[in-house]
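Notes follow the structure.
Just so you know, these numbers come straight off a predicted model, no measurement behind them.
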Amino acid sequence: MDQDSKGSLQGGEDDIADRISKMSLHGTPKKPKSDLKRTSEDLNSKLAQYNDPNSRTVVVYDLDMALHKNIFSRMHPERPERIVQPLRLLVESRLMSRLRTVTSREVTRDEALTVHTPEHWNFLEMLKGMTNRDLYKEGEELDSVYLSNDSFRSAKLAAGSLLAITEEVLTDRAMNGVAVIRPPGHHCKAEKPMGFCLLGNVPIACKFAMEKYGVERILIVDWDVHHGNGTQDMFLEDRRIFYMSLHRHDHGYFYPCTGDPNVVGTGDGVGYNLNIAWNESRKGDGDYLQAFYDLILPLASRYQPQLVFISAGFDSGLGDPLGNCCVTSECYGIMTQHLMSVCKGKVILALEGGYNLTTVSEGIKACCSVLLGDYPNHIDPENCVPSPGGIESINTAGEKIAPYWDNLVRFRKPEDERPVKEEAVSIHEYQEESRNNHSSINNHPATNHPANNHPPANNPVNQPTETVSQPTAESFLDPVDNIDLMLPCHGRGRGCEQADLSFEDRVMAEMAESSNAKEIVEVSEEPQVFAVHPKTWCEHLAEHVRPAPLELSANPPCTVCQDSAESWFCLTCYQPFCSRYVKEHGLLHALDATHLMTLSMSDLSVWCYGCDAYVHNEVLLDAKNKGHMAKFGEPAVKIELAAIAED
């Protein structure tokens, strides 16, 4: 390294990138490997200068993972720069100075054999001593895999580094983390490498968390454009792992030709495998976010994972040469933020695929920023509309998984039969568990958790009370632009001749509990007539209100108790719950999931549990209008917010 390179971090990064690019792809590197190793160590030491020892968000990387390369082709997309470029951008954006670096390590044989066969490990061990001819021959025998003498070293570092971050999170030394690792792992089978993957990085980490730390519920969200067949196959019968994948399927013709929505798990793991399979290219932000709001977030909220792994393949991103999809870095950030809400922030992101260096780098940057607590950047409203094909894929996946989850009522067909379980958690037990708000992951035995006990077949959720219509792309209203909505006038607002006395009595009781009750409730001179003045803004609007699904049900049963006497929709995950005057499952959900905004289907008012107040604001109009459409079959009459404020 020359003197100029030694004088700056950027120079060190450029130096290693230059050395990697100059490595011969037809034999050994032109520079001695020891020289590359010294350069990597020098860059690591300079990156360490930007380390924040007090940060609760951790990052792990090791440039020895760049030693794994295709020595027979310069054009292979899975190349060493996939980890160099993101690190450079983290430094340039100053995010690296807010992260705490975790020391990398290699996975041990015993750790790897929790998911892999001994024959698989022994095969990888032999790579170091093979000739180039033998490496080429062995690679040709495998499915989309190249091999080199250093491949096993890089693979052990990738899997072991993810374990290092997992340990940091599970021992509460960190809240969340990012593993900038390669080679990827979600295609790797138990018995052999596959699809650029040599070891199952995330599956090994899941087993590590379960066996060493007693974790009993882990959610894996895989947004790589290719289905993670290796991860799925390893946990199909294990309900301790809920695997959710969003991927291109193309009716079974997109690599690896797996991930059919019909595959929902087997044996004890049935109902714990979700495949949202796109059957065409160009899927973007609207499709992915709609899948989150309709399926992933409701299921995750019900499952209540103790740990979330993101198999973060950025080949679903805009500009990737293999994926041909259109997900933006802003969308990756928003999806990460959503997943942080379902497990008290314990999210670990592991790099999988992604072959456009800019897309990968920007995606990792966006996710790191959100894990650090920053708000994600806004998405262009034009990108928020799901495609017709995307909606069809979401509905198909929902119909396949709905028979096993009682909070996916709108996807369930009348003829669906629920499996009978010998034991079911009572409502009282669920309330007690919700109130406890456990702080230790070991206080959540999977055998006693409501997500692990499906209601019996004679449960009211199995008796269809209405025909649930599936949403269409034409019925989707953009949550930001071109919405001409307002508060409804059906028996509540101006021009109402009578008040619902029983409802108003309850409103007054609720307002009396509020710290600012005197400010928001006025009693008129005429007896038994009340005016509720909602707040026009509250601090929880931006974080807790998400775009509404395509359709809302007019009288949905509570997700927990199935009571539909007084239904409220959570405005974050759009699950329906009963009110505090029924069995208080809406309140319990707000406490457990920290989802504070809720919409009443009785009068379409919005209540904020964080402010203990009714709220009306422009961002609520989309949900209110869809609620009005569900109740009355027509749009709401327009009332400007300024007019409401004047009253």
Exercise for review: Specify the closest pair of heavy atoms between Phe242 and Gly271, including all atoms of both residues, with the distance to one decimal.
Suggested key: CZ-O, 3.6 Å

Practice item. Using the six-membered ring wherever Trp is involved, compare the ring planes of Trp405 and Tyr272 and label them parallel, tilted or perpendicular (cut-offs 30° and 60°). Key: perpendicular

Check your understanding: Is a side-chain N or O of His628 found less than 3.5 angstrom from the main chain of Glu634, in a donor-acceptor match?
Key -> yes

Check your understanding: Should the pair Trp607 and Tyr609 be assigned to parallel (<30°), tilted (30 to 60°) or perpendicular (>60°) ring geometry?
Key -> perpendicular

Practice item. List the steps, then state whether side-chain hydrogen bond (donor to acceptor under 3.5 Å, both in side chains) holds for Thr559 with Asn407. Key: CA-CA 5 Å; Thr559 297; Asn407 62 336; 5.5 Å; no

Study note, to complete from the structure: Heavy-atom closest pair (Trp278 atom, Lys283 atom, distance to 0.1 Å) is CG-CG, 3.6 Å

**Study point:** Atom of His589, atom of Gln575 and distance for their closest heavy-atom approach
**Key:** CE1-NE2, 3.9 Å

Study note, to complete from the structure: Which of Asn617, Leu621, Asp622 passes side-chain contact (heavy atoms from CB on, under 4.5 Å) with Val619? Answer is Asn617

Practice item. Might you point out which heavy atoms bring Cys206 and Ile218 nearest each other, and give the distance in Å? Key: O-CD1, 3.7 Å

Review point. Side-chain contact, heavy-atom cut-off 4.5 Å: Val347 with Cys343?
Key: yes

**Study point:** Side chains of Val58 and Arg173 in contact at under 4.5 Å (non-hydrogen atoms)
**Key:** no

Point to revise | Tyr332 side chain vs Gly317 backbone, donor-acceptor pair below 3.5 Å | key: yes

Point to revise | Donor-acceptor pair between Asp224 and Ser311 side chains, under 3.5 angstrom | key: no

Point to revise | Member of Tyr288, Tyr293, Trp223 meeting the ring pair (Phe, Tyr, Trp, His ring centres under 6.0 Å) criterion with His338 | key: Tyr293

